[in-house]
Amino acid sequence: MAFALLTGRFALLTWALVSLATSIQGETVTFDWEIGWTRGNPDGQFERPVIGINGQWPLPLLNITKGDRVVVNLDNQLGNESTSLHFHGLYQNGTASMDGPVGVTQCDVPPGSKFTLNFTIAQPGTYWYHSHTRGQYPDGFRQQFVVHDPENPYSGQYDEELPLTVSDWYHDEMPGLLASFMSYGNPTGAEPVPDAALMNDTQNLTIPVQPGKTYFFRLSNIGAFASQYFWIEGHTMSIIEVDGVYTEPAEADMIYVTAAQRYGFLVTMKTGSSANFAIVSSMDTDLFDTLPSTLNTNVTGWLMYDDTASKPEPALLDVLEPFDDFTLKPQDGLELYDHVDYSINLDVKMGNLGDGANYAFFNEITYTQPIVPALYTALTTGDNASNVAVYGGYTNSFVLAKGDVVEIVLNNDDAGKHPFHVHGHVFQTVVRADDDWGHYDSRNHSAFPATPMRRDTLMVRPNSNFVVRFVADNPGVWFFHCHIDWHLASGLAATFIEAPLELQRTLSIPEDHLAVCRAGGVPISGNAAGNTVDVLDLTGENKMAQPLPAGFTARGIVALVFSCISAFIGMAVIAWYGSAPLSSAELASAKDFIAKHGGNTG
Ligand SMILES: *[C@@H]1O[C@H](CO)[C@@H](O)[C@H](O)[C@H]1NC(C)=O
Ligand SMILES: *[C@@H]1O[C@H](CO)[C@@H](O)[C@H](O)[C@H]1NC(C)=O
Ligand SMILES: *[C@@H]1O[C@H](CO)[C@@H](O)[C@H](O)[C@H]1NC(C)=O
Ligand SMILES: *[C@@H]1O[C@H](CO)[C@@H](O)[C@H](O)[C@H]1NC(C)=O
Ligand SMILES: *[C@@H]1O[C@H](CO)[C@@H](O)[C@H](O)[C@H]1NC(C)=O
Ligand SMILES: *[C@@H]1O[C@H](CO)[C@@H](O)[C@H](O)[C@H]1NC(C)=O
Ligand SMILES: *[C@@H]1O[C@H](CO)[C@@H](O)[C@H](O)[C@H]1NC(C)=O
Ligand SMILES: *[C@@H]1O[C@H](CO)[C@@H](O)[C@H](O)[C@H]1NC(C)=O
Ligand SMILES: *[C@@H]1O[C@H](CO)[C@@H](O)[C@H](O)[C@H]1NC(C)=O
Ligand SMILES: [Cu+2]
């Protein structure tokens, strides 16, 4: 009797252990992806080349179950461009080498090369994947992926999932747009204005729905630039997830989704309705330099209760009042980290360098990709990997100690909004000040929330600040950057080197990752300059363009460069900047600058 009970218990225990093991190990999902050019015309206005996967665009939406291993065999068949792949929002805990950003955790994958990503996913939620090669994803290499959660705390509260993306869209291709964006021809750094807004990579999307049912929308902004106001006429959204973090349910009539942010929300259909309802996504045009009269900044879709009924045009709203995401509370109730071990201060600025182009700066430094990817530097510089100097002078690097509570105080000295994204973590959002508040003042700020929202992408308001905190519990090299792709290209980025000595003991780089470096002629060891002998000698590192000479204004150099060009091409475009004459001091230092630099500002 006693014996039978015992074996019974033992069997139960064995069964429990086995099922635990299978749910932790999960399955392996393998994707063989040939990355190549195909064509797309998502707004119906203009067909253009787009980056496809296995000849397909829009790209495949992935639905992976929590605990599964993902293997992506990437084969770059673009022919004329390098590429890379980042799974946005994943912690990549223990697999920092699989994160994707070029120059940070890996080399660019040259045309003709193959590269394998291999990692497990421990987090549920709504995410997206995209190229992390300079300025590339807006050419089409981006799509949503969701991580299905068998233990979703809200699973009993909805009937079906509806994955949905919004984005801006350009007719011109990124290489050309980037070249003109980062040039003396664009001294103010005006970002290219999108040509259209898309919903699920199309327009006029119809979503069949059934009365009384509740749908779990998973919404991602996979765009390059524009934030989106999103609402569904006649329906309320109940937010239950942001950026992969479950929240306490919060009612919203309209949400504001910056590039790279995601929201999961429940919407219950009306009963007894046979009308259809507009779903609207409206690009925030605050940062648009111009508003062409031909541009429709909105995209509409419909909840289709009845496909024989009409699709009503959405009402035009004068005031857009979105839900304030700062008020969200995480469902797990994780409290504020109330002490800080290490505080990082980042002051954001935009401005011109001596080549006349407009750059973005953290603390006066514009991020410039190092010769050796920072992760490889961390792994190959011995104990010096803890010395921030080895990562170079132009990468805005910070070394984080294991377990520290890290705080980022970000002061935005720019008049634009910027959505900042951290890799490898979500952060607690401790303060987000109103427009024009100025710098963070530790003696004068809004009360810290007791259980702050956590997410991986947070917008800072114009001339204002935010404060975020996270625990350095994920050894790796993690990029922190503005997710407006134009601003990343202009250098609005920093690098967090988290527990580098532990990384040296635990991480090894797969041979195929090193092979793409060799194929691209990129050194894989040593400091940021590739120096392996004296790792404190940064001679030869990549540097930002020369600053403007002292006593010389950006406007001055811009006018000067324009005059030089005008001498060659004699164009009237100069009139704009040239109309305000240079002061004699500006002129003198401009002459001095030319004398020193031989007029070579390109
Ligand atoms: C969506 O409908 C609008 C209005 O009829 C039309 O102007 C637009 O071209 C359509 N978009 C697509 C992709 O068909
Ligand atoms: C590469 O080729 C594609 C397809 O022809 C083209 O659209 C794209 O602009 C090219 N990229 C570069 C950098 O030239
Ligand atoms: C992926 O990584 C796991 C764990 O390191 C390893 O066992 C497996 O062989 C790898 N798969 C591929 C395709 O590289
Ligand atoms: C993902 O797969 C799960 C399990 O099969 C399913 O319940 C869920 O609806 C799917 N989600 C999406 C967005 O396709
Ligand atoms: C959006 O597009 C994805 C990928 O094609 C598709 O799986 C999904 O069902 C679409 N969502 C809706 C609401 O139609
Ligand atoms: C887009 O929608 C907003 C909000 O309803 C409205 O103010 C604006 O006029 C719309 N733009 C166009 C081009 O219809
Ligand atoms: C706190 O900061 C705000 C915004 O900068 C300012 O308007 C206010 O006067 C400050 N209050 C105190 C007590 O310094
Ligand atoms: C990474 O894994 C370690 C060990 O399991 C855990 O303590 C830590 O919280 C994880 N970090 C993240 C960001 O998931
Ligand atoms: C750190 O680098 C310096 C300069 O190259 C070197 O002299 C020193 O031995 C290095 N220290 C370690 C622990 O590797
Ligand atoms: Cu930005």
Side-chain angles (χ1 to χ4, degrees), residues 40-45 56-65 124-128 142-150 152 154-169 196-223 228-241 249 251-255 257 262-283 296 298-317 323:
N41 184 6
D43 63 353
Q45 306 293 315
Q56 180 193 340
W57 195 91
L59 302 184
L61 176 114
L62 309 185
N63 183 359
I64 295 148
T65 299
T126 307
Y127 301 92
W128 62 304
R142 80 281 180 284
Q143 180 58 294
Q144 188 171 57
F145 76 97
V146 303
V147 182
H148 172 66
D149 184 5
N152 181 346
Y154 295 103
S155 62
Q157 298 181 26
Y158 62 88
D159 299 286
E160 255 179 66
E161 294 190 19
L162 287 176
L164 192 66
T165 64
V166 289
S167 79
D168 46 26
W169 187 248
L198 304 178
M199 191 180 286
N200 236 29
D201 283 331
T202 185
Q203 294 177 334
N204 309 316
L205 177 76
T206 54
I207 307 180
V209 294
Q210 286 172 15
K213 273 199 174 178
T214 298
Y215 294 89
F216 178 16
F217 282 80
R218 294 171 169 279
L219 180 71
S220 302
N221 184 342
I222 61 173
Q228 306 264 354
Y229 295 91
F230 179 95
W231 67 99
I232 304 177
E233 289 195 341
H235 294 70
T236 301
M237 300 174 265
S238 175
I239 300 169
I240 56 167
E241 184 222 321
E251 304 277 288
D253 292 323
M254 178 184 287
I255 51 180
V257 197
R262 291 91 60 208
Y263 283 87
F265 52 84
L266 304 180
V267 183
T268 299
M269 300 302 118
K270 295 173 186 302
T271 47
S273 173
S274 55
N276 299 320
F277 290 85
I279 308 168
V280 190
S281 200
S282 179
M283 293 192 287
N296 183 359
N298 301 332
V299 59
T300 307
W302 285 274
L303 290 182
M304 298 296 287
Y305 284 79
D306 177 353
D307 59 10
T308 63
S310 68
K311 295 185 281 184
E313 282 303 311
L316 296 183
L317 307 180
F323 176 84

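As the structure is a prediction and not an experimental result, all values here were calculated from the model.
Side chain to side chain, Thr165 and Arg142 fail the donor-acceptor criterion of an N or O pair below 3.5 Å.
Across all non-hydrogen atoms, the minimal contact from Gln143 to Pro58 is NE2-CB, 4.4 Å. The two atoms that bring Pro150 and Thr65 nearest to each other are CG-CG2, 3.9 Å, heavy atoms only. Of all non-hydrogen atoms in Gly212 and Thr271, the two that sit nearest each other are CA-CG2, 3.8 Å. Considering every non-hydrogen atom in both Ser273 and Pro211, the closest pair reads O-CG, 4.3 Å. For the pair Pro249 and Tyr154, the tightest heavy-atom approach, listed with the atom from each and the gap, is CD-OH, 3.3 Å. The heavy-atom pair separating Ala278 from Thr300 by the smallest distance is CB-CG2, 4.0 Å.
Note: Trp169 CH2 to Ile222 CD1 = 9.0 Å, rounded to the nearest 0.5 Å. Atom-to-atom distance recorded for Asp43:CG and Asn204:CG is 11.0 Å, nearest 0.5 angstrom. Separation of atoms CG (Leu303) and CG (Leu205) is listed at 9.5 Å; rounding is to 0.5 Å. For the atom pair Met237 CE and Ile255 CD1, the distance stands at 4.5 Å (nearest 0.5 Å). Taken from OG1 in Thr126 to CG in Leu219, the straight-line distance is 8.5 Å, to the nearest 0.5 Å. Put simply, NZ on Lys270 and NE2 on His235 are 5.0 Å apart, with the number rounded to the nearest 0.5 Å.
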Task: Phe323 vs Asp253, side-chain contact (heavy atoms from CB on, under 4.5 Å): CA-CA, chis, key distance, verdict - done: CA-CA 7 Å; Phe323 176 84; Asp253 292 323; over 6 Å; no

Open item on the list: Run Gln228 and Ser281 through side-chain hydrogen bond (donor to acceptor under 3.5 Å, both in side chains) and show every step you take.
Closed with: CA-CA 6 Å; Gln228 306 264 354; Ser281 200; 2.9 Å; yes

Open item on the list: If you apply the rule side-chain contact (heavy atoms from CB on, under 4.5 Å), what do you find for Phe265 with Phe230, and how did you get there?
Closed with: CA-CA 12 Å; Phe265 52 84; Phe230 179 95; 3.6 Å; yes

Open item on the list: Set out, in order, the CA-CA distance, both residues' side-chain angles and the distance that settles side-chain contact (heavy atoms from CB on, under 4.5 Å) for Leu164 and Leu162, then state yes or no.
Closed with: CA-CA 6 Å; Leu164 192 66; Leu162 287 176; 5.9 Å; no

Task: Stepwise side-chain contact (heavy atoms from CB on, under 4.5 Å) test for Asn152 and Tyr158 - done: CA-CA 11 Å; Asn152 181 346; Tyr158 62 88; 3.3 Å; yes

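One N or O on the side chain of Gln203 and one on the backbone of Ala197 form a donor-acceptor pair closer than 3.5 Å. Using a distance-only test at 3.5 Å, with no hydrogens or angles considered, no donor-acceptor pair links the side chain of Asp306 to the main chain of Ala275.
Between Leu317 and Met254 the shortest side-chain heavy-atom distance falls below 4.5 Å. Side-chain contact check for Pro312 versus Asn276: some heavy-atom pair is nearer than 4.5 Å. At least one side-chain heavy atom of Asp201 sits less than 4.5 Å from a side-chain heavy atom of Trp57. Between Asp168 and Met283 there is a side-chain heavy-atom pair separated by less than 4.5 Å. Residues His148 and Glu161 meet the side-chain proximity criterion, which asks for heavy atoms closer than 4.5 Å.
Each of Trp302, Tyr305, Trp231 was checked for a ring-ring contact (aromatic ring centres under 6.0 Å, His included) with Phe277, and the lone residue meeting it is Tyr305.
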